[in-house]
4 protein chains.
Amino acid sequence: MNKSVSKDIDKKRKVFEAATRLFAQKGFDKTTVDEIAESAEVAKGTVYYYFKGKEDIFLFLVEEGIAILKTRVTDALQDNQDNTRRALQQLFAVQLGFLHEYQDVCRIVLADVWGISSRQEKLQELLNDYYLVVGTIIEQGIKEGVLYPQNSEVLCTAIFGMTVVVALHFLNKDKPVPWQEIENQLNQLFMRGVVKPV
Amino acid sequence: MNKSVSKDIDKKRKVFEAATRLFAQKGFDKTTVDEIAESAEVAKGTVYYYFKGKEDIFLFLVEEGIAILKTRVTDALQDNQDNTRRALQQLFAVQLGFLHEYQDVCRIVLADVWGISSRQEKLQELLNDYYLVVGTIIEQGIKEGVLYPQNSEVLCTAIFGMTVVVALHFLNKDKPVPWQEIENQLNQLFMRGVVKPV
Amino acid sequence: MNKSVSKDIDKKRKVFEAATRLFAQKGFDKTTVDEIAESAEVAKGTVYYYFKGKEDIFLFLVEEGIAILKTRVTDALQDNQDNTRRALQQLFAVQLGFLHEYQDVCRIVLADVWGISSRQEKLQELLNDYYLVVGTIIEQGIKEGVLYPQNSEVLCTAIFGMTVVVALHFLNKDKPVPWQEIENQLNQLFMRGVVKPV
Amino acid sequence: MNKSVSKDIDKKRKVFEAATRLFAQKGFDKTTVDEIAESAEVAKGTVYYYFKGKEDIFLFLVEEGIAILKTRVTDALQDNQDNTRRALQQLFAVQLGFLHEYQDVCRIVLADVWGISSRQEKLQELLNDYYLVVGTIIEQGIKEGVLYPQNSEVLCTAIFGMTVVVALHFLNKDKPVPWQEIENQLNQLFMRGVVKPV
DNA sequence: CATGAATGAGGCTTCATTCAT
DNA sequence: TATGAATGAAGCCTCATTCAT
């Protein structure tokens with residue numbers, strides 16, 4: 001009985017994982033349900049037993065992904081509530097770590113967040129939720145005088161954008177990603193910019 | 001004869017523009033050739049008279065887009081070869097301007113650039129070409145001692161990522177985009193970071 | 001044990017009744033086994049425990065329906081063997097009463113009886129059986145000189161057709177069906193036609 | 001060029017005729033688009049080039065069928081406006097003639113007019129339209145004192161029902177249908193009933 | 001040059017049925 | 001006796017592409 005229960009979860013998870021892999025590789029539209037089923041080693045009907053449809057898998061997957069990122073970031077920021085400097089450093093670390101672990105989900109999100117279909121609307125909602133979390137810590141830093149005054153919306157989208165694009169760029173290459181170097185450099189960028197003072 | 005030639009060019013351009021518009025609105029896959037033809041006010045066969053197929057329109061469009069961006073950036077950098085500080089400022093201005101003017105093309109490219117399948121490879125090649133241009137000026141700046149020493153690949157992908165994601169984020173909202181504010185803020189980020197010195 | 005037996009019967013009946021309801025509402029093909037199971041408040045497997053399949057439920061239901069009608073008509077006719085006039089009156093009364101009481105079954109049967117494929121053949125056989133019963137009384141009436149000489153096959157199918165179509169027409173409207181008026185009018189039609197003699 | 005035009009019409013008509021045949025034989029739900037295409041000797045895509053979908057074919061077919069019947073009946077009734085007796089006789093003749101020619105459409109209508117899905121609603125609307133035409137002549141006959149006073153709605157549905165069911169019953173047999181005998185007998189039914197006066 | 005009728009491969013989804021428990 | 005997870009055949013429909021004119 002234990003076995004059957006674990007098996008059930010197995011099948012749903014297998015579908016879920018196969019879909020993530022394939023969506024990241026080929027995009028939502030180019031991925032067929034047949035491929036998902038085959039890659040998950042279940043019958044096509046099984047996909048529909050656990051999910052209402054292709055769209056449903058997508059949403060499930062993205063929601064879960066962003067939820068995890070949000071949780072991690074929230075936790076990290078809360079642990080450093082009294083130290084904005086450290087909080088920002090943690091932000092980079094957490095985002096890069098997430099990219100490392102969940103690069104597939106990130107690719108999916110990035111590929112679909114532009115455009116205007118209904119699917120994207122839901123996605124942007126989720127992402128905006130996430131920006132809010134980061135925005136809060138930034139505004140707090142500005143109020144405390146730790147950060148220069150500036151538009152927090154610009155800043156947190158910039159942070160997200162640079163982290164993600166840098167990471168995905170390196171992940172696309174065959175060489176191992178210099179995670180530590182990236183993290184350090186982004187931190188430096190934040191601490192002093194890139195242009196030396198005159 | 002003059003008339004017929006201008007008409008021909010007209011039809012090809014109309015198809016091209018309709019495709020751009022639709023790809024940006026609904027994505028490559030969700031756009032049908034029927035729609036393109038209708039939106040361009042030509043018969044479906046005409047689309048195939050001027051382009052080899054849907055994919056062909058896409059490539060045409062993307063190549064042209066990136067070529068324009070590359071030209072603009074190259075020009076801007078060359079005009080400021082002796083002043084890295086100004087060159088970087090111009091880089092932001094040009095990138096943001098391009099996003100503003102060609103947001104349709106940008107959406108299309110960006111929606112497709114993050115996967116790892118075959119079509120994306122072509123795209124990434126084009127993008128890497130572009131990174132090279134930007135990388136050159138950065139390395140020069142480092143050598144000249146104007147920029148802090150750092151990995152130029154990280155920096156130029158970071159620049160690209162932050163610009164793009166910020167711009168598209170604001171373009172997706174209904175309000176007008178605060179282009180000037182964004183440009184200033186990204187410049188400041190580069191000049192001094194965001195964290196005040198202790 | 002008593003309890004379990006009564007329960008069993010309960011479940012089979014519940015499935016049967018749910019199926020009847022749904023078949024009448026949405027037709028055989030548009031009704032799914034899932035719906036039947038849900039509507040009967042049993043698991044899907046249970047449906048297959050009691051019936052060989054969807055088709056089996058259908059046949060069970062139709063056979064039972066026609067059998068009831070046949071019994072009622074036979075009884076009514078036998079009670080009036082010596083009075084053809086009354087027998088015909090009873091025929092209308094019984095048919096209309098049956099349509100009233102079993103309109104679900106009637107809809108199901110009637111929706112399927114007019115094709116010419118294999119399933120319908122079985123149905124038409126059952127119906128022909130029924131026609132025979134009615135035909136007998138008519139022929140007797142003719143022989144006795146109570147009815148005008150005529151083709152009994154035409155007459156009994158006409159009786160069936162007019163009764164059914166009239167009844168279902170009114171059942172499809174939202175207003176209450178004027179059963180008594182219909183019965184009287186059909187009787188009058190048989191007694192004197194609708195056209196006044198010149 | 002003439003040829004191509006006639007060919008075009010040909011293809012649409014071929015689809016249309018194949019669908020009619022199959023719907024009548026196996027019912028709407030049991031008929032697949034593949035079968036329609038194959039039976040019409042066109043590619044599956046062609047079916048969708050001319051019709052929006054299976055439902056669309058159905059509607060087209062039924063609308064056309066009922067429209068023809070309505071026209072014929074209207075014409076016949078108008079030709080006998082001053083003679084209700086003859087008008088009724090013509091009504092039987094026209095209905096039976098229509099059943100003879102368009103038995104497929106009739107089967108389809110009959111099979112689908114019961115039940116309550118959206119498809120049927122449209123159908124019942126069409127049929128009610130038809131009843132109205134027949135109802136008018138009946139009411140006129142009553143007003144003129146040619147017919148016995150009675151509910152015209154009951155009468156015209158009864159006429160339709162008996163005609164159709166009788167005709168289809170005989171068409172289902174292998175023997176040739178005794179059209180003349182049926183027509184005469186139904187006329188007699190209307191002129192004097194079936195029961196001799198005491 | 002330009003057209004649009006015609007195609008057929010391929011995608012998404014539904015659902016009756018089976019079977020291990 | 002009763003269940004419900006799992007299946008896969010089969011249906012409907014879309015759409016990029018071709019080709020005769």
Side-chain angles (χ1 to χ4, degrees), chain A residues 1 3-5 7-12 15 29-37 42-56, chain B residues 4-5 7-8 10-12 15 29-38 42-57, chain C residues 1 4-5 7-8 10-12 15 29-38 42-57, chain D residues 1 3-5 7-12 15 29-37 42-57:
Chain A
M1 205 150 265
K3 200 182 160 196
S4 87
V5 166
K7 248 191 170 174
D8 296 353
I9 298 178
D10 237 38
K11 293 233 165 140
K12 182 169 188 180
V15 169
D29 290 295
K30 290 263 189 299
T31 301
T32 70
V33 176
D34 274 275
E35 284 171 327
I36 295 174
V42 299
K44 195 169 12 172
T46 308
V47 175
Y48 286 89
Y49 186 77
Y50 287 111
F51 297 92
K52 259 198 308 215
K54 212 170 92 167
E55 200 96 328
D56 195 45
Chain B
S4 86
V5 167
K7 249 188 163 178
D8 298 353
D10 231 43
K11 292 216 170 164
K12 182 169 187 179
V15 169
D29 290 289
K30 291 259 190 304
T31 301
T32 70
V33 176
D34 274 273
E35 284 171 325
I36 295 173
E38 192 192 9
V42 299
K44 187 160 35 165
T46 308
V47 176
Y48 284 87
Y49 183 76
Y50 286 114
F51 297 91
K52 255 195 324 206
K54 211 170 88 164
E55 195 87 30
D56 194 43
I57 308 178
Chain C
M1 204 151 263
S4 87
V5 166
K7 246 187 164 178
D8 298 352
D10 231 40
K11 291 216 171 166
K12 182 168 187 180
V15 169
D29 290 290
K30 290 259 189 304
T31 301
T32 69
V33 176
D34 274 273
E35 284 171 325
I36 295 172
E38 193 192 7
V42 301
K44 187 160 36 165
T46 308
V47 175
Y48 284 88
Y49 183 76
Y50 287 112
F51 296 90
K52 253 196 325 206
K54 211 170 89 164
E55 195 86 30
D56 195 44
I57 307 179
Chain D
M1 203 152 267
K3 199 182 159 197
S4 86
V5 167
K7 247 188 168 175
D8 296 355
I9 299 177
D10 238 39
K11 292 231 166 140
K12 183 169 186 180
V15 169
D29 290 295
K30 289 264 188 298
T31 301
T32 72
V33 176
D34 274 274
E35 284 170 327
I36 295 173
V42 299
K44 195 175 4 177
T46 307
V47 175
Y48 287 91
Y49 186 77
Y50 287 110
F51 297 92
K52 264 199 307 215
K54 212 170 92 167
E55 200 96 328
D56 195 44
I57 307 178

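- For dT3(E), one of the phosphate oxygens OP1 or OP2 lies less than 4.0 angstrom from a side-chain nitrogen or oxygen of K11(B).
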Give me the distances for all protein-to-nucleotides 9-11 of chain E N/O pairs that come in under 3.5 Å?
| residue | atom | partner | partner atom | Å |
| --- | --- | --- | --- | --- |
| dG10(E) | O6 | K44(D) | NZ | 3.4 |

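- Here K44(A) pairs with D34(A) under the side-chain hydrogen bond (donor to acceptor under 3.5 Å, both in side chains) rule; sequence neighbours left out.
- Annotation: side-chain contact (heavy atoms from CB on, under 4.5 Å) contacts of E38(C) (sequence neighbours excluded): none.
- Taking atom NZ on K12(C) and atom P on dA2(F), their separation rounds to 12 Å, with Å as the unit.
- Look at Y49(C) and you'll find a side-chain N or O under 4.0 angstrom from OP1 or OP2 of dT1(F).
- Side chain of T46(D), nearest nucleotide from dT7(F), dT7(E), dA2(F): dT7(E).
- The side-chain contact (heavy atoms from CB on, under 4.5 Å) search around F51(A) returns K12(A), V15(A), F16(A), D56(A), I57(A), F60(A), not counting sequence neighbours.
- Remark: C1' of dC12(F) and NZ of K30(D) are 16 Å apart, rounded to the nearest angstrom.
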**Pairing pattern in dot-bracket form [Watson-Crick, G-U; both distances under 3.5 Å; | = partner strand] for DNA chain F** = .||||||||||||||||||||
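- Put simply, OH on Y48(A) is 13 Å from C1' on dG11(F), counting in whole angstrom units.
- Each of dT18(F), dT7(F), dT3(E) was ranked by its minimum atom distance to the side chain of V42(B); first place goes to dT3(E).
- Atom pair E35(A):CD and dC12(E):C1' shows a separation of 13 Å (rounding to whole Å applied).
- The shortest non-hydrogen separation linking K11(A) to V42(A) is CD-CG1, 3.9 Å.
- Look at CD1 on I36(B): it is 8 Å from P on dA16(F), rounded to the nearest Å.
- Side-chain proximity of Y50(C) to dA2(F), dT7(F), dA2(E): nearest is dA2(F).
- Between E55(C) atom CD and dC15(E) atom C1' there is a gap of 15 Å when expressed in whole angstrom units.
- Not one N or O on the side chain of K30(A) forms a donor-acceptor pair closer than 3.5 Å with the backbone of D29(B).
- Rounding to whole angstrom units, CG of residue D56(C) and P of dA16(E) are separated by 14 Å.
- One interatomic measurement links the two molecules: CD of E38(B) to P of dG4(E), which rounds to 12 Å at whole-angstrom precision.
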